[in-house]
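Here the structure is a predicted model, which means the values were calculated and not measured. One is the number of the first residue; the rest follow in order along the sequence.
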Amino acid sequence: MAVILKVRGTRDLLPPETELWNRVEATTRALFARYGFGEIRTPIFEDTQLFARGVGEETDIVSKEMYTFTPADDVGRSAGRVTGESAGLPSRDEKAQSLTLRPENTAGVVRAYIEHKLNDIGTLQKLFYIGPQFRRERPQRGRYRQFWQIGAEVLGPAWSGAESPLRDAEVLEMLATLLDELGVRGWQLDLNSIGSTTDRPRYLAALRAALAPIKHQLTPDNQRRAETNPLRVLDSKDPRDQALIEALPCIADFLDEDSRSHFDQVKAALTACGVPFRDNPRLVRGLDYYTRTTFEFTIPDGSGLGTQNALLGGGRYDGLSEMLGGPKAPGIGFAIGEDRLILALEAQAEQESPVERKLDAFIAPMGISQNSAALVLARELRAAGLSIEVGEGAFRLKRSFETADKLAHRMVIVGEDEVASDLFTVKHFSRGEQEKVTRVGLAEALRR
Ligand code: HAM
């Protein structure tokens with residue numbers, strides 16, 4: 001029968017790689033706690049309108065990459081085939097609801113913020129999430145159709161200080177600390193300000209004027225965007241458009257006094273904290289909700305990510321809550337591509353010191369009558385904090401040796417004599433030595 005394989009662009013994460021994922025997540029959670037963040041878990045699917053409005057109709061994400069569906073029962077319902085209204089189902093004329101697997105989590109967090117009236121609490125909300133996102137992109141190393149993000153959002157009413165440049169600097173300083181704590185080497189922070197809703201119109205006018213005479217030379221997608229959403233032309237990845245894009249006006253030249261001062265304060269605070277950054281006036285991000293500060297952390301070529309070297313991205317989104325029908329609630333956040341972070345850490349570890357991950361010991365029962373005794377010993381040693389695998393008494397000695405050598409640093413032989421005398425033979429593979437150890441001294445001997 002044909003084997004069923006995983007869907008293109010998805011991945012199975014297996015041990016020992018999952019250990020690294022758990023370690024990264026544990027370090028991150030501990031760090032987020034130190035900065036006052038609490039965890040939020042929003043649904044994996046949301047109303048399609050949330051992303052259309054929040055992320056933007058003209059973005060690549062919304063226009064090309066979303067997994068959107070209308071549940072079959074909803075379709076039936078809207079066609080008037082539903083009979084179960086009394087069971088609490090929506091009425092016959094309710095429209096079928098289009099749903100989308102979340103391509104990112106910021107829109108979902110802000111929706112939840114509005115829905116749960118978190119603005120009324122009045123203090124700054126610092127929320128983090130870890131979970132899968134879905135985008136139908138062309139899969140390659142570091143780019144998947146289901147990928148994981150570790151993200152965080154800081155938002156609140158204006159009087160909570162959510163708009164302060166201090167918040168931007170704090171988020172960026174936290175990210176620099178996190179990457180350092182995780183041991184990511186060679187990261188680079190690119191920073192830009194893309195202006196606010198007040199200075200953006202002047203820039204858009206200049207951009208439209210510059211695009212008008214060259215529009216016909218752009219690729220078809222960008223010809224359309226030049227009309228509908230000219231900012232999106234700037235984040236085109238199509239190499240055929242790059243020379244034209246390079247020559248377009250820069251937002252940095254259009255910032256008003258407020259935006260400029262906000263940006264200067266972010267940079268001054270980062271400098272004071274000793275966080276290195278690079279001013280990158282060409283940095284635009286592929287989502288419509290951004291205002292003012294935007295940023296990306298990348299790692300250098302040769303770090304295992306190839307062209308997908310953006311480890312994380314984020315920025316300020318001062319108007320997003322209002323775009324989603326909520327109160328004014330300025331905010332800033334980021335999302336780390338966890339798959340990419342792990343690939344980078346693995347490549348780094350490989351270069352620096354290829355690690356051989358092994359258990360502390362393999363317990364080898366000599367005959368099936370010793371299986372229970374072996375399990376009891378494993379139970380004691382695991383309780384003492386050691387990592388243990390147990391063999392099988394039906395194995396021949398040679399097979400036990402080979403398995404133990406593959407899995408563990410040492411092998412403990414459990415034969416009839418050993419159990420009777422409570423004196424066990426321990427073989428240390430790396431030292432090529434063997435010793436007899438009493439039951440009480442065993443945990444200590446295996447730890448050495
Ligand atoms: P984003 O730049 O679209 O921003 O995604 C953030 C990060 O997710 C990227 O830098 C990358 O590391 C990772 N990523 C994106 N797409 C893929 C993929 N197909 N495969 C693997 N990794 C991927 C956002 O999603 C915003 N919500 C970030 C944010 C939070 N802005 C403010 N708050």
Side-chain angles (χ1 to χ4, degrees), residues 20-21 23-40 104-106 109 124-131 133 142 147-155 161-162 164-194 262-263 265-280 283-287 289-300 303 305 308-317 330-345 348:
L20 183 55
W21 282 72
R23 218 171 336 126
V24 161
E25 288 172 17
T27 304
T28 308
R29 283 172 186 278
L31 178 123
F32 283 163
R34 298 205 312 265
Y35 283 79
F37 282 80
E39 184 173 4
I40 180 167
E104 62 98 56
N105 218 162
T106 308
V109 169
L124 209 56
Q125 296 295 305
K126 295 174 121 178
L127 304 165
F128 81 89
Y129 49 85
I130 300 178
Q133 318 293 332
F147 60 98
W148 286 66
Q149 282 187 342
I150 299 177
E153 313 294 345
V154 181
L155 69 169
S164 163
L166 174 78
R167 299 275 73 102
D168 310 38
E170 186 188 30
V171 161
L172 290 163
E173 184 277 326
M174 176 173 83
L175 281 166
T177 305
L178 176 62
L179 295 183
D180 288 344
E181 276 189 21
L182 290 170
V184 177
R185 267 176 278 288
W187 55 260
Q188 178 178 299
L189 163 59
D190 279 35
L191 204 56
N192 193 19
S193 174
I194 59 163
H262 187 278
F263 194 36
Q265 289 177 66
V266 174
K267 292 191 280 189
L270 285 178
T271 305
C273 292
V275 175
F277 61 87
R278 188 177 75 161
D279 242 322
N280 180 353
L283 177 74
V284 282
R285 307 246 319 119
L287 303 96
Y289 50 61
Y290 289 116
T291 50
R292 299 200 269 188
T293 314
T294 51
F295 56 86
E296 246 167 42
F297 282 73
T298 52
I299 50 168
S303 318
L305 285 184
Q308 303 304 309
N309 68 343
L311 266 192
L312 71 96
R316 188 162 267 294
Y317 44 84
I332 179 162
F334 63 85
I336 303 172
E338 194 176 359
D339 304 74
R340 294 185 189 179
L341 175 62
I342 301 280
L343 285 173
L345 288 172
Q348 225 174 258

**Report entry** Distance in Å, E173 CD paired with L270 CG, rounded so as to fall on 0.5 Å steps
**Finding:** 8.5 Å
Query raised in the report: Do side-chain atoms of R167 reach the backbone of I332 as a donor and acceptor pair under 3.5 angstrom?
Result: no
Query raised in the report: Rounded to the nearest 0.5 Å, how far apart are CG of D190 and CZ of R278?
Result: 4.0 Å
Query raised in the report: Considering only heavy atoms from C-beta outward, does the side chain of Y35 approach that of E170 to under 4.5 Å?
Result: yes
**Report entry** Presence of salt bridge, E181 and R34, under 4.0 angstrom
**Finding:** yes
Report summary line: For T298 and A310, the nearest pair of non-hydrogen atoms, with its separation, is CG2-CA, 4.0 Å
Query - Smallest separation among heavy atoms of P300 and G186, with atom names - result: CD-O, 3.1 Å
Query raised in the report: Taking side chain as C-beta onward, heavy atoms only, is Q188 less than 4.5 Å from E296?
Result: no
Query raised in the report: Are E338 and W21 side-chain neighbours, meaning at least one heavy-atom pair lies under 4.5 Å?
Result: yes
Query raised in the report: Are the side chain of D339 and the backbone of W148 linked by a donor-acceptor contact shorter than 3.5 Å?
Result: yes
Query raised in the report: Hey, what do you get for OG1 (T294) to CG (L283), rounding to the nearest 0.5 Å?
Result: 4.5 Å
Query raised in the report: Between N192, L175, D168, which is the residue that forms a side chain to side chain contact (heavy atoms under 4.5 Å, CB included) with F295?
Result: L175
Query raised in the report: Can any side-chain N or O of Q348 pair as donor or acceptor with the backbone N or O of G183 at less than 3.5 Å?
Result: yes
Query raised in the report: Looking at F128, does the NZ or CZ of K126 lie under 6.0 angstrom from its six-membered ring centre and within 45 degrees of the ring axis?
Result: no
Requested in this report: Compare all side-chain heavy atoms of L178 with those of I336 and state whether any distance is below 4.5 angstrom.
Outcome: yes
Query raised in the report: Does any non-hydrogen side-chain atom of L341 lie less than 4.5 Å from one of L182?
Result: yes
Query raised in the report: side-chain hydrogen bond (donor to acceptor under 3.5 Å, both in side chains) between Y289 and T106: does it pass, once the steps are laid out?
Result: CA-CA 10 Å; Y289 50 61; T106 308; 3.2 Å; yes
Report summary line: Residues V24 and L345: closest non-hydrogen pair is CG2-CD1, 3.7 Å
Requested in this report: State, with a plain yes or no, whether a side-chain heavy atom of R29 is found less than 4.5 Å away from one of I130.
Outcome: yes
**Report entry** 4.5 Å side-chain heavy-atom contact, L172 and L191
**Finding:** yes
Report summary line: Smallest heavy-atom separation, L155 atom then G331 atom, equals CB-CA, 3.8 Å
Requested in this report: Determine, step by step, whether E104 and L287 satisfy the side chain to side chain contact (heavy atoms under 4.5 Å, CB included) criterion, reporting the C-alpha distance in whole Å, the side-chain angles of both residues, the deciding distance to 0.1 Å, and the verdict.
Outcome: CA-CA 10 Å; E104 62 98 56; L287 303 96; 3.8 Å; yes
Query raised in the report: Where does the angle between the aromatic ring planes of F297 and W187 fall among parallel (under 30°), tilted (30 to 60°) and perpendicular (over 60°)?
Result: tilted
Query - D279 bridged to K267 by N-O distance under 4.0 Å - result: yes
Query raised in the report: Relative to each other, are the rings of F37 and F32 parallel, tilted or perpendicular (30° and 60° limits)?
Result: tilted
Query raised in the report: Looking at side-chain heavy atoms only, is the closest gap between Y129 and V109 below 4.5 Å?
Result: yes
Report task. Evaluate side chain to side chain contact (heavy atoms under 4.5 Å, CB included) for I194 paired with R292, printing each intermediate quantity in order. Result -> CA-CA 5 Å; I194 59 163; R292 299 200 269 188; over 6 Å; no
Query - Minimal non-hydrogen separation, Q133 against N105, with atom names - result: OE1-N, 3.7 Å
Report task. Please report the closest heavy-atom contact between S164 and R316, naming both atoms and the distance. Result -> O-NH2, 3.4 Å
